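See below for the structure under consideration.
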Number of protein chains: 2
Amino acid sequence: MDRILQNISRIVALTPQEQELFLSKIETRDYKAKTLILNAGEICQYSYFVNSGILRSFNINDNIVEHVLAFACHGWWISDMYSLLSQKPGNLFIEVLEDAEVVLLSKENQEQLYLEIPKLERFFRILTENSLVAHQERLMDNLSLSAEDRFEKFCSKYPTLIQKVPQKHIASYIGVTPEFFSKMKARLLKK
Amino acid sequence: MDRILQNISRIVALTPQEQELFLSKIETRDYKAKTLILNAGEICQYSYFVNSGILRSFNINDNIVEHVLAFACHGWWISDMYSLLSQKPGNLFIEVLEDAEVVLLSKENQEQLYLEIPKLERFFRILTENSLVAHQERLMDNLSLSAEDRFEKFCSKYPTLIQKVPQKHIASYIGVTPEFFSKMKARLLKK
DNA sequence: ACAACTTCTTAACCTAGATTAAGTGCTTGC
DNA sequence: GCAAGCACTTAATCTAGGTTAAGAAGTTGT
């Protein structure tokens, strides 16, 4: 239960009372694999923190092709930031890949917490900053690296995910088709 | 001078004293076109706010190819977030494309301001959130759209930039070579 | 225990966009 | 005013990665 408090304490120090208050604002749920906890077209109401299991966020374009935006396993936050912030219908799905225990923090509670515990505004600012830096790097990687290099980078960055998630999702994350990914993997194994 | 106060007031309301304090922490500089205000390998010390003119941030990969991460004109913030946050040498250059007046806010001053005016922590949190959402969208666009679609999206999103910046930089931003961009543009004009 | 589905692979063929190279106007500095 | 660079174009050729299609294993539900 307090994995989330641990996560916060890496960045800001909450007093016991503040921890109490924080815990009173969240909700924990269990989801089975294959559950869609958010659908495209819906308005996203929560920031999700993963206690255990694996989730992914993805969209589907006109051609009925999925594109994975993010994976999240224990200790990671995930959401549809666009929809959550704008309170407009988003175009992301969030799906459970592996049975998961997830902490839900509603937008209203999150904003109340910013006022009641300014340290949490700092926490989420820093979280968002780190996420932005990671997205900038991934963007530049997509512009300048080959699929092979992007795959190698993925492997060294998320070694645990490789064994756990279907490789078609990894292919989608790095931006290639499953067929090409398969071919590329075979080529790499020969070396 | 107060274009930056206007920019802040879109999101949070500062009192006259707070505005005074904020202004005492910033510095304004003029730069000629072609100036590199940040070099790859340096540690980024500032958040930059553009009063006038145009800047761009970009990196250079092994193949000596430039990739544009961002443009910034009046009313936009720009920086090397990775280097600024980690205080490690970055791999971004920031270059002046058109004579510019730029406001500099040092990392130390920015962090002091977070403590002295918590509203500014909120301001930068929201700024960063919006930037993250924009980067996520651009990432998904790069994964799922053709070069032509990305160009059309760029045009409708940044109509002013198209006339003002050399098209090779726009090509780089959307992720194609200048040669292909030229061919694509000719094709689009025929329609 | 079997049908239905999903994941992954292989292979032939295709194409968006890269590369190379050459040429045309421009600015810009001296 | 002219040489040296830029910025852009055009065109031929090339290739990383996509598409289509089919089959092999593995997984899931009943």
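Every heavy atom of this structure was used, including side-chain atoms; hydrogens, water molecules and symmetry mates were not. Note that the structure is a prediction, hence the values are computed from the model and not measured. To find a chain, count down the sequence lines: A is the first, B the second, and so on, and within it residues start at 1.
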Practice task
Give B:K183 one of three labels, base, sugar-phosphate or nothing, depending on what nucleic acid heavy atoms sit under 4.0 Å from its own.
Solution key: base
Problem - Below 4.0 Å: OP1/OP2 of C:dG17 and any side-chain N or O of B:T177 - result: no
Practice task
Tell me whether the OP1 or OP2 atom of C:dG17 has a side-chain N or O from B:R150 closer than 4.0 Å.
Solution key: yes
Handout entry: Nearest-nucleotide 5' precedence on DNA chain C, A:A186 against B:E148
Key = A:A186
Problem - Sugar-phosphate, base or nothing in reach of A:K34, heavy atoms under 4.0 Å - result: nothing
Practice task
State plainly whether the residues A:R125 and A:E121 are in salt-bridge range, i.e. N to O under 4.0 Å.
Solution key: no
Handout entry: Side-chain ion pair, B:E66 and B:R56, N-O less than 4.0 Å
Key = yes
Exercise for the section: Look at A:K185 and C:dT9 and indicate whether a side-chain polar atom (N or O) is within less than 4.0 Å of OP1 or OP2. Expected result: yes
Problem - Proximal nucleotide (of C:dC8, C:dG17, D:dC8) relative to the B:V176 side chain - result: C:dG17
Handout entry: Distance, rounded to the nearest Å, where A:I162 contributes CD1 and C:dC8 contributes P
Key = 13 Å
Practice task
Among the candidates D:dA7, D:dT9, C:dA18, find the nucleotide nearest to the side-chain atoms of B:K168.
Solution key: D:dA7
Exercise for the section: Tell me yes or no: between the side chains of A:Q110 and A:S47, is some donor less than 3.5 Å from an acceptor? Expected result: yes
Problem - Polar contact flag, side-chain donor to acceptor under 3.5 angstrom, B:Q167-B:K185 - result: yes
Exercise for the section: Look at the side-chain N and O atoms of A:R187 and state whether any lies under 4.0 Å from the OP1 or OP2 oxygen of C:dT9. Expected result: no
Practice task
Provide, to the nearest angstrom, the distance between the CG atom belonging to A:L145 and the P atom belonging to C:dA18.
Solution key: 15 Å
Handout entry: Nearest-angstrom distance from the residue atom CE of B:M184 to C1' of D:dT9
Key = 14 Å
Exercise for the section: Please report, rounded to the nearest Å, how far the C1' atom of C:dA16 is from the CD1 atom of B:I174. Expected result: 13 Å
Handout entry: Ring-face cation of B:R138 near B:Y173 (centre distance under 6.0 Å, axis angle within 45°)
Key = yes
Practice task
Ignoring backbone atoms, establish whether A:S182 has a side-chain N or O less than 4.0 Å from OP1 or OP2 of C:dC8.
Solution key: no
Problem - d(CG, B:N142; P, D:dG17) in whole Å - result: 14 Å
Problem - Protein-nucleotide distance (A:F180, atom CZ; C:dA16, atom C1'), rounded to Å - result: 14 Å
Practice task
In whole angstrom, give the distance that lies between atom CG of A:L143 and atom C1' of D:dA16.
Solution key: 16 Å
Handout entry: Atom pair distance, as rounded to whole Å: NZ in B:K32 and P in C:dG29
Key = 11 Å
Practice task
Give one of base, sugar-phosphate or nothing for B:E179, where a contact means two heavy atoms less than 4.0 Å apart.
Solution key: base
